[in-house]
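What follows is a single structure, written as structure tokens, with notes after it.
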Amino acid sequence: MAEIKEPKEQAEGPESPAGKAEPPQRSVRVVMLALMVTMLLAMLDNMIVGTAMPTIVGELGGLEHLSWVVTAYTLATAASTPIWGKLGDMYGRKGAFMTSIVIFLVGSATSGMAQDMGQLIGFRALQGLGAGGLMVGVMAIIGDLVPPRERGKYQGMMAGVMALAMIGGPLVGGTVTDHWGWRWSFYINLPLGVVALLAVSAVLHLPKKRSKVRIDYLGAALLTVGITSIVLVTTWGGTEYAWDSAVIMELIGIGVASLIGFLFVQTKAAEPIMPLHIFKSRNFALMSVIGFITGFVMFGAVLFLPLYQQSVQGASATNSGLLLLPMLGAMMVVSLIAGRVTTNTGRYKVFPIVGGALMVVGLFLLAQMDTDTSRVTSGLYMAVLGAGMGCLMQITMLVAQNSVEMKDMGVGSSSTTLFRTLGSSFGVAIMGALFNNRVNDVMTERAGSLGGNVTEKSAQLDAASLAKLPEAVRDAYQHAVSSGTHSAFLLGSAIGVVALVAAFFVKEVPLRGAGPKDSGPEDSGPKETGADKPVEGAAGDAAGAAPRSTVAEVV
């Protein structure tokens, strides 16, 4: 691996107008603030809009199309994620990132101006198209600017932003909708987005690229069709259509055929959307698996924990974000600690192992909850799961980025993000199907035909509907929800074992820092060969890789 040493003036930082060197860390903090605001936009949107949906339907109508307001956004986000990553690798990270912000803001503004449900769905798809580049852009830019050993610290901060969005999103959405109207649940993105856009434009300077190779349009189209089919299967299966219905079977067939075609095209394309050679790295492949399972488990927990606390423990739906505070708080704290420890030691393998173990234990404990479980006890169980998530959420991205060459930083980041997104879709669908079936069975067992009629259309009842039920039926429903969450979390625990096993096979390639003693990857630990050798650094890249921007080049 070629070693490139930084010029002295870069190490000292750029000159300020007054002639004094500006500390590089100050510049990095400005960029990181803009990136954190951008990530907050991406994470907050669905949380805020979800709270405003009843009001939106009340004004625009179109209740039968309600699910498409969320589905259109999710589809566009998932399908565009790998494409944004590749565009950043080919044509420059900054331009792709700023374009995604602009598209997201245009989608937000037009969604707020929608006059009917059809317009809102279309504008939400546009918004999701931009959102696909936000998360990937943030992670890839961190990978460009920050040495691997320092990267864990900043990615831990990003996990904190994610937790903050999940806690505060419903509260912000409810407040904005009640006081300003539902349109401001979209307009609120505009000032935050403009601040992030201006900061990135003014402060972030990355090397410009111009690839002469054409974009792999056929690969992009096949991947888009495949991802769209997968998301629709997981969204519609068991709800809009039966799992064995013709529509679901056709979608599965289209999805499988598209993905097989995509894999074939990627072996022939000059500049593939998702180069398959990145999966030759054992660590990258393992992080893809762990990221998928993390998304599977986390979003399933986010869906069912508030439902259990509202239905069984009598908590208010208004504060649904606060119900998850033990889990999300633990996730945020542990993620920050994991990032700091990784920065100080350069070691990371312990975190996927500990995180996998805590995730399995936490889910198993949550599966033991019943109608008599106290909020304190369930909060402790959630904290265990949150600690496991904190060990896994950003470490997976860190190790994945550390396992690819700099020229593939975008597709490496986007692939990891895509697997986590697909994991969340599968988690919600599979755990949801198991939950709904169990609730329906228990309701029929305990309340007979009346119980079956209550949950005929949906196994999930809001607090108002639950209060109207006869006491015997309400008691049966609480036992049914408890049984449903038991089955869902028990499945999650079993799936989590796969992540734990995968973590043991991770090869620890010590992360290189930015100091003089770490000037080359050969100095950071045992030499590696093959796909798992360290390909990293803010001071140098693999031979032939794209030039890397140093910390001092940020301004």
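Worth knowing before you read on, the calculation uses all heavy atoms, side chains too, and leaves out hydrogens, waters and symmetry mates.
The distance from atom CG of Leu40 to atom CG of Leu134, rounded to the nearest 0.5 Å, is 11.0 Å. In this structure, the separation between OG1 on Thr485 and CG on Asp370 is 9.0 Å, given to the nearest 0.5 Å. Going from atom CG of Asp89 over to atom NZ of Lys407 covers 8.5 Å, rounded to the nearest 0.5 Å. Between the CD atom in Glu405 and the OG atom in Ser281 there is a gap of 10.5 Å [rounded to 0.5 Å].
Note: Phe292 and Phe426 have tilted aromatic rings, judged against thresholds of 30 and 60 degrees for the angle between ring planes. Taking the six-membered ring where the residue is Trp, Phe279 and Phe284 present perpendicular rings, their angle passing 60° and hence far from 30°.
Without hydrogens or angle criteria, Ser424 side chain to Thr421 main chain gives a donor-acceptor distance under 3.5 Å. Asp408 contributes no side-chain N or O that, together with a main-chain N or O of Val404, makes up a donor-acceptor pair within less than 3.5 Å. Formation of a donor-acceptor pair under 3.5 Å by the Asp216 side chain with backbone atoms of Ala270 is not found in this model.
Listed by chain and residue number, Arg420 satisfy the side chain to side chain donor-acceptor pair (under 3.5 Å) test with Thr396 (two or more places apart in sequence, or in another chain). Applying the side chain to side chain donor-acceptor pair (under 3.5 Å) rule to Ser413 yields the partners Gln401; only residues at least two apart in sequence or on another chain are considered.
Leu365 places none of its side-chain heavy atoms less than 4.5 Å from the side chain of Leu380.
With ring centers used as reference points, Phe489 lies 6.0 Å or more from Phe364.
Side-chain atoms of Ser414 and Thr417 include no donor-acceptor pair closer than 3.5 Å. Side chains of Asn283 and Glu508: no donor on one and acceptor on the other come within 3.5 Å.
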